[in-house]
Every structure is written in structure tokens, then in C-alpha cells.
Amino acid sequence: MSESKKTSSDSAKKAQTNQSWGGRFNEPVNEFVARFTASVSFDQRLFEHDIKGSVAHATMLAKVGVLSESEKKSIIDGLNEIGAEIRVGDFEWSQQLEDVHMNIESALTARIGDVGKKLHTGRSRNDQVATDIRLWLRDQIDQISILLTDLQKGVTGLALAEHDTIMPGFTHLQTAQPVTFGHHLLAWNEMLERDFGRLLDCRKRLNQSPLGAAALAGTTYPIDRVFTANQLGFDYPSENSLDSVSDRDFAIEFCAFASLLTTHMSRMSEELILWASAQFQFIDLPDRFCTGSSIMPQKKNPDVPELVRGKTGRVTGHLISLLTLMKSQPLAYNKDNQEDKEPLFDTVDTVQDCLRAFADMIPAIESNKEKMYAAAKNGFSTATDLADYLVRNGIAFRDAHEIVGKAVAYGIENNKDLSEMTLDELNIFSSQIAADVFEVLTLEGSVCSRNHIGGTAPDQVKAAAARALEKLVSR
Ligand code: ARG
């Protein structure tokens, strides 16, 4: 074989390897391996943020004199044109080019010529992808904050309207003491309020710029990391290049937030499902959030809360995936981390959908006040009030507990609530009971007497709902 022939067949082979890193390779990557290692099918979702990061990087390279002003301009113009093309669906993604980063960079060079090859100076895909995911997730967090706030407004608004609606409060799902429906709803708001705090914490910690960490050790160019951090709205550049390109703890933190949020929403769902059942009939869910059965004509199934309850499983699953993905990874970047995207993307999508559905549905709930009241009356829910009454009249709590227990047994036998017994009947169990007992034995008396911060008295609930709403409005 002549010398010249050998050279040309070599370069033909090389031409089929990846143009971004094919230099040291002598054969094209196996077709299966190309598919197996590619991420462009899902990471193209990062294109807006990839372009933003590249624009900031190119601007900085010109500022420090690595690029000329005209080179910077053609790079940024080219990137913006590519962005516009992707947005309208005119861009052809290539699996051969592996990921979103190399697809865009290669399109840039095809468009503006060799100057496009200068964009990657002083940067690596490792700090590039770490930057992109942070920027993307930050935007998603900002949208989720709005959705979560909407939901909280719906919950507290309903709580205000229902501040004096009496329902049974449960422990062990057994009637315990009467509460107000508004109070129950404000308990939901407290869960959501803590979730909101966790979301903000996550945003705060993720908002630092990995750009400049390059592959793992930093770069020899005179880069300005504070400048790129500012350009991209990060609070500051990250402190350690090895850590910046390797850890995905911010994504894990987000999924932990999402797992708790959906867990809370699954608890709300469960209660909505129970309350909407023929056995409870506490609430009516609007038809648009329910579906029918193809075989049982009477059915109205609470599909939306059921699905939200079910979606909790996949979100928690994604948290476990990411924790397991990160576990035992040595510093710094490893290809394992390419697996961070699908669980994270799906978590974001799921959380947004669940919040949207709930924010829409909760304010549309109609309470059935008579059913709630009757249910609270049914289970001797004022028994503790009677015991407290006896304590106020000088009886030790344990003895009072025993006395009331006997009165309840009598009530069960005679099918009478405590408030329906005569004074003579109540005196069978204690001579310390006088006519004023009936003030505490009514459901209204019971809830009104729990009149302190965090208590179920209607006045307290009204004030608490107003405080919560005020906080949400000024968020
Ligand atoms: N697609 C890769 C990821 O998602 C980008 C970084 C690849 N870096 C590398 N050295 N292979 O993580």
C-alpha cells in the first residue's frame, strides 16, 4: 500500500468519528455505543440555557482578550440564530453528535465557519452541563414557586370561607374531637408553607456558577468567573472546580423537596377521596375533576386526587434514583451523571402538573356542612370537653376520664350523644355535673373553647387564615 493511499483511508475513517473529540480515535464508534452513550434525545430540553451559558462565556472571552470583538459577535449571532431555529422546530438533532452541547457547537461552526471552533476555549462540557442544569432548574423552581403559591392561596381562601364549618377531627381515622373545616385546611397550608421554604433553600444553594471549572481543574486562560456568574444571574462563582463539575446534590435536594411536596399532596388527596365518598359525603368535587365508569353508571371517580396520590410514587422513585446515581462516585465528573436528567425532568414535569391540577381544583370544592356537622355529632366528639369540665369542677383528670368513659358507654347503649342526655342522666355518672355543662357539650361550645394561637376556634381560624393570606399575597 502506498503512503498516500494509507493516509487518505485513515482520514476517511477519522471523518466518521465524533468531530468534537475524534482526534485520537482510529475507528468510528460502534453504532450501538453511539446510541447508548448519546443523551441528545432528552438533553435537547436544555438548549435555551446551553445557549445562554455559551453567550456569557463568549462575552467573557472577548472581555479578557481571548476572542476579538468581531469573533464574539459572529459567535453570539450564530448562537442566537440556532436558538431561533430550534424554537421553531427547524433544527436537525444528530445522535452522532451525542448531546445538546455538541449539536449546538457543531451547528455553530457549520454556520459561521472556523471561528465557531473557538467558543469552547477555556471550557469543557463538564462545567457547561453543570451550568446548564442549574440554569434550567432555577427557571423551573421559579415557575413552581408561583404554582405552589397559587395552590396555597386556594387552600387558605377556602379555609377563610370555612372558618366556622364544624366537622369531626380524627385520630386513627376515628372521630376524636370536633374541629373546623377551615382549621383542617390550614393544616394543609402549613405543610405547603414548609415545602415552599425547602424550595427556596434549594434555589439558594444551587445558584452558584460552575462555569470556569472546565473539565475538572480549572483553565489556563485568564478567565473572569465573577463576570460570567453575574451575566447568568448566579450569586457567585463556585469555590472548587472538582466539586463544581461533579456533584448533583442540588438536583437531589430538589427531588427531596418534590418528594415531600407530593407526599403532602398525597395526604390531601387521600382525604379528598375519603370525603367525596358516599360514606362520608363531606365534600363535592366538581365534575370536571372526576370521571365516570364504563360499567357502573352511578360512579363519579375522584381521578385527579387519585392520580396525584399515585404520582408521589414516581417522584420519590426519582429521588432514590438520583441518590443512588451519586453514591460512591469518585471526584470529579463521571459519565454516570448524564443519568441525572431524565429523573430530574420528570420530577419537574410531575410536580408542575400536580400543582396545576390542585390549584385549580381546591377552590372549587363544595363542602356539605350538614353532613360534616352530623358526623361530628355522631362519635362522642365532645367527650374530652366533658372530662375537662369535670376537672374544672375539682375532679382529677384520670377520674374524669373514667366517668366520661362510662357516660359514653351509656350513650352507645341508648343511642344518645352526650349533649342529648338529660342532667339527671349525666348525674348518674357524677354529681359534679350542673346545667352549665351543656355549654361545653355542644359542638359549637367545644370548638369555640379552643381559643388560642393554633387552636380550632372559628375566630382563631379566621385570623390565622387572614394572616396566611396576607403573607402569600406579599410573597
Ligand atoms: N452529556 C454529558 C452529560 O450530560 C455532558 C458532559 C459530558 N462530558 C464528558 N466528558 N463526557 O453529563
Side-chain angles (χ1 to χ4, degrees), residues 17-25 28-30 32-54 56-57 79 82 86 91 93-109 117 119-140 206 209-219 228 232 238 240-252 254-255 318 321-348:
T17 66
N18 190 301
Q19 46 179 289
S20 300
W21 45 250
R24 60 104 72 208
F25 286 75
V29 86
N30 170 305
F32 163 74
V33 174
R35 179 168 65 75
F36 186 66
T37 55
S39 54
V40 68
S41 62
F42 49 86
D43 69 13
Q44 54 182 265
R45 233 182 128 158
L46 298 173
F47 83 91
E48 294 278 8
H49 301 88
D50 192 70
I51 288 173
K52 260 186 208 152
S54 290
H57 181 66
L79 285 168
I82 292 166
I86 301 173
F91 189 85
W93 297 101
S94 150
Q95 186 182 73
Q96 212 58 39
L97 291 167
E98 207 175 312
D99 55 25
V100 61
H101 323 293
M102 294 202 287
N103 267 270
I104 291 177
E105 195 191 315
S106 137
L108 180 69
T109 303
K117 296 180 181 168
L119 170 62
H120 214 51
T121 314
R123 167 177 96 161
S124 150
R125 273 187 297 153
N126 296 351
D127 59 342
Q128 190 178 355
V129 70
T131 303
D132 292 2
I133 313 171
R134 281 177 164 84
L135 289 175
W136 180 84
L137 185 56
R138 194 180 66 191
D139 276 356
Q140 305 304 318
L206 78 71
S209 175
L211 213 52
L216 74 165
T219 177
T228 40
L232 295 170
S238 58
N240 182 289
S241 63
L242 294 168
D243 173 54
S244 321
V245 293
S246 67
D247 209 339
R248 296 291 183 264
D249 58 353
F250 62 92
I252 297 175
F254 175 82
C255 289
H318 293 325
S321 296
L322 289 189
L323 282 167
T324 314
L325 173 69
M326 205 64 241
K327 180 185 175 294
S328 312
Q329 269 196 56
L331 285 170
Y333 176 85
N334 301 284
K335 185 77 168 179
D336 311 39
N337 280 341
Q338 185 162 289
E339 286 287 303
D340 63 354
K341 287 165 205 67
E342 287 161 295
L344 182 62
F345 292 168
D346 188 64
T347 301
V348 164

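Every number for a ligand or one of its atoms is a count from 1 in the order of the listing.
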*asked:* Does any part of the side chain of Asp127, heavy atoms only, come nearer than 4.5 Å to the side chain of Tyr333, both counted from C-beta?
replied: no

*asked:* Distance check, rounded to the nearest 0.5 Å: Ile51 atom CD1 versus Ile82 atom CD1?
replied: 6.5 Å

_Can you tell me which residue among Asp340, Asp243, Asp336 is in a salt bridge (charged side-chain N to carboxylate O under 4.0 Å, His left out) with Arg248?_
Asp340

One pair per line, please: each N/O atom of ligand 1 matched with every protein N/O atom under 3.5 Å away, atom names first, then the distance to 0.1 Å.
from, atom 1, to, atom 2, distance (Å)
ligand 1, 1 (N), Ser39, OG, 3.4
ligand 1, 1 (N), Asp99, OD2, 3.0
ligand 1, 1 (N), Gln338, OE1, 2.8
ligand 1, 4 (O), Lys341, NZ, 2.5
ligand 1, 8 (N), Asn126, OD1, 2.8
ligand 1, 10 (N), Asn126, OD1, 3.2
ligand 1, 12 (O), Tyr333, OH, 2.5

*Work out which heavy atom in Thr131 is nearest to a heavy atom in Pro210; give both atom names and the distance.*
OG1-CD, 3.6 Å

*Do you know the tightest heavy-atom contact between Leu119 and Ser54?*
CD1-O, 3.8 Å

*Tell me the salt bridge (Lys or Arg N to Asp or Glu O under 4.0 Å) pairs involving residues 99-109, sequence neighbours left out?*
Asp99-Arg125

